[in-house]
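Okay, structure first, notes after.
First listed ligand is number 1; within each ligand, the first listed atom is number 1.
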Amino acid sequence: MTDPVPDTRLRLTLLGGYLGSGKTTWLRHQLHVGAFGPRVHVIVNEAAEVPVDDALLSGASGMTLLAGGCCCCTGRAALIDALRALCDQRSRLSADAPRLDRVVLETSGLADPGSIVAAIQSDPVLVHHIVVETTIVAVDALHALAQLATEPLGRRQIGAADHLVLTKADAAGPADLARLRATLGLLNGHATVSASVLGAEVALPPLPPGTLPADLPPLGPDDVRGPIQPTQVHIPDGLDWASFAVWLSALLHARGEDLVRVKGVVRTPAGRLLLQTVRKVVQSPEILPDQGDARSDNVIVFIGRGYRPEDISRSMQRFLDLPLPLPV
Ligand SMILES: [Zn+2]
């Protein structure tokens with residue numbers, strides 16, 4: 001009898017979740033505590049051209065940023081190329097050299113993790129070098145029920161998970177959290193569930209017996225409101241920050257259902273400010289280090305649907321009384 005051959009393929013963890021579900025916060029903490037081991041490479045995919053979240057990630061032995069296309073669809077070829085390059089590097093090392101153990105792929109919030117797994121597994125090279133070990137999906141404890149009521153993509157993401165992390169678990173009341181868990185159980189009965197606050201795991205109480213799931217209406221695959229798309233708006237230098245904040249609040253108040261996510265880095269007198277919103281909620285701004293990559297400063301990405309890209313910059317121009325048309 002021969003000994004079983006150890007599986008030396010590169011392990012891949014897929015991290016998915018809806019726009020603004022807290023994927024990066026969770027991943028940042030997990031890297032910080034070494035949850036993925038010492039030799040981990042992180043791939044961050046941003047559907048928009050302007051990367052923001054990579055400014056937040058450290059603790060990985062390497063990082064690749066794939067921006068400007070979602071890896072489950074338009075950016076699929078770039079993902080396959082990046083993974084093949086990692087496998088290539090790894091196989092060129094001698095057998096006793098320390099080799100990369102794991103890749104964590106943080107998908108864009110628009111991605112269907114199931115399509116990514118299918119793309120990797122059907123690639124004739126990657127299938128021999130990579131094992132998709134687990135798919136983790138972040139679920140926003142505060143917003144997920146509303147999203148799941150209207151978004152087919154949100155339901156597909158839940159359905160693709162092996163493990164669900166309820167992020168921002170402190171933001172939802174116990175009854176809402178229980179109802180969300182019952183609803184997730186209905187959408188995906190096999191996934192394990194944990195909860196986190198700022199990326200750190202917190203205990204989940206036992207699910208009260210008899211908790212009813214939310215009544216989710218049936219959704220067709222095609223959304224009549226059109227696809228969700230990213231739009232970039234350049235912020236002029238010397239902008240009055242207070243007026244900008246008023247405009248953004250008004251915009252979110254009026255269009256918060258269509259604008260699923262807003263994020264960007266704005267230069268303010270207080271420093272480089274990371275601005276993020278999820279639906280109508282503006283997350284408390286975070287001051288970024290000054291020495292970071294400033295190329296994406298003063299560009300805000302609006303992700304949503306049901307409006308023309310130029311509507312956003314025009315609204316801002318009008319509100320702030322800016323003289324010149326802004327580049328979109
Ligand atoms: Zn996609």
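Looking at Arg102 and Thr13, their side chains do bring a donor and an acceptor atom within 3.5 Å of each other. For the 3.5 Å distance criterion, the side chains of Trp247 and Ser315 qualify, holding a donor opposite an acceptor.
Between Arg9 atom CZ and Ile130 atom CD1 the span is 10.0 Å, to the nearest 0.5 Å. Here the CG-OG1 distance, from Leu15 to Thr135, works out to 9.5 Å after rounding to the nearest 0.5 Å.
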Please lay out, stage by stage, how Val233 and Met316 fare under the test side chain to side chain contact (heavy atoms under 4.5 Å, CB included).
CA-CA 9 Å; Val233 174; Met316 182 178 77; 3.6 Å; yes
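Leu153 places none of its side-chain heavy atoms less than 4.5 Å from the side chain of Gln147.
Excluding waters, the protein N/O/S atoms found under 2.8 Å from the Zn ion (ligand 1) are Cys70 SG, Cys72 SG, Cys73 SG.
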